[in-house]
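What follows is a single structure, written as structure tokens, with notes after it.
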Amino acid sequence: QQQVRQSSQSLTVWEGETAILNCSYENSAFDYFPWYQQFPGEGPALLIAIRSVSDKKEDGRFTIFFNKREKNLSLHIKDSQPGDSATYFCAASESNNRIFFGDGTQLVVKP
Amino acid sequence: EAGVTQSPRYAVLQEGQAVSFWCDPISGHDTLYWYQQPRDQGPQLLVYFRDEAVIDNSQLPSDRFSAVRPKGTNSTLKIQSAKQGDTATYLCASRVNNYAEQFFGPGTRLTVL
């Protein structure tokens with residue numbers, strides 16, 4: 001059973017739009033939710049993360065909205081740029097133990 | 001500060017051949033992870049170490065895969081007899097402790113023909 005699910009395999013937006021990437025999880029004990037960004041030929045890199053005690057985390061153009069009751073979260077990328085084109089992985093862990101990754105959403109930002 | 005380094009970057013094998021992957025974590029990072037990332041999927045944990053000790057290898061196919069970290073620094077992941085289903089990118093990651101960010105290396109892309 002997949003612990004973390006991402007609703008879209010791919011998403012295309014125009015430059016300047018807000019990209020919204022959705023994610024849900026199974027284990028209510030998960031308390032740490034990082035989002036990773038991966039470019040072709042590179043390993044994933046941490047983009048932004050939220051803990052379950054918060055419902056929102058903002059870092060520049062990137063915002064996580066978290067709904068503990070519904071067990072879902074979303075990553076909003078405001079004013080999307082072509083350089084944001086990458087694969088984004090939603091992930092989750094319990095008490096900083098093993099991290100479970102979703103299968104990723106490939107974002108394409110068209111100029 | 002140098003990041004996580006891995007070698008080789010690419011490997012192509014016939015089924016039944018053996019291959020080893022090498023990882024040099026960031027200096028001072030006590031925890032090291034090996035992940036398998038099939039094409040169009042997320043990373044899946046194979047094994048992780050704290051210093052030289054294996055903490056969790058429950059996802060490692062033990063009949064053909066092995067991993068060591070003898071001095072608590074560099075690590076080697078070995079596939080004894082590769083199968084086509086092993087085709088994937090193998091990622092190494094490290095972190096300084098349980099509460100810190102994981103840093104990933106660039107991965108080794110393995111193709112088994």
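Letters go in sequence order (proteins before strands), and every chain restarts at 1. Predicted, not measured: the structure shown is a model, and the values here were computed from it.
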* Find out if a path of hydrophobic residues (ILVMFWY) with successive side-chain heavy-atom gaps under 4.5 Å connects A:Phe39 to A:Phe89. => no
* Kindly work out whether a path of hydrophobic side-chain contacts (I/L/V/M/F/W/Y, heavy atoms less than 4.5 Å apart) joins B:Phe21 to B:Leu13. => yes
* Asked: Same cluster for B:Val96 and B:Val4 if Ile/Leu/Val/Met/Phe/Trp/Tyr side chains link at under 4.5 Å?
  -> no
* Shortest non-hydrogen contact from B:Leu91 toward A:Pro44 -> CD1-CD, 3.8 Å
* Check the hydrophobic clustering (I, L, V, M, F, W, Y; side-chain heavy atoms under 4.5 Å; chains of links allowed) and say if B:Leu32 and B:Ile26 are grouped together. => no
* Among residues 66-79 of chain B, which ones touch chain A with a heavy-atom distance under 4.5 Å? -> none
Check chain B and chain A for donor-acceptor pairs under 3.5 Å and report each one on its own line.
from	atom 1	to	atom 2	distance (Å)
B:Arg9	NH2	A:Gly41	O	3.0
B:Gln37	OE1	A:Gln38	NE2	3.2
B:Gln37	NE2	A:Gln38	OE1	3.0
B:Gly42	N	A:Asp103	OD1	3.2
B:Arg95	NH2	A:Asn96	O	2.6

* Listed partners of A:Phe30 passing ring-ring contact (aromatic ring centres under 6.0 Å, His included), at least two apart -> A:Phe100
* Among the clusters formed by ILVMFWY side chains lying less than 4.5 Å apart, do A:Leu47 and A:Phe65 turn up in the same one? -> no
* Does anything in residues 80-90 of chain B pair up under salt bridge (charged side-chain N to carboxylate O under 4.0 Å, His left out), and if so which pairs, sequence neighbours excluded? -> B:Arg64-B:Asp86
* Asked: Side-chain contact, heavy-atom cut-off 4.5 Å: B:Pro43 with A:Ile99?
  -> no
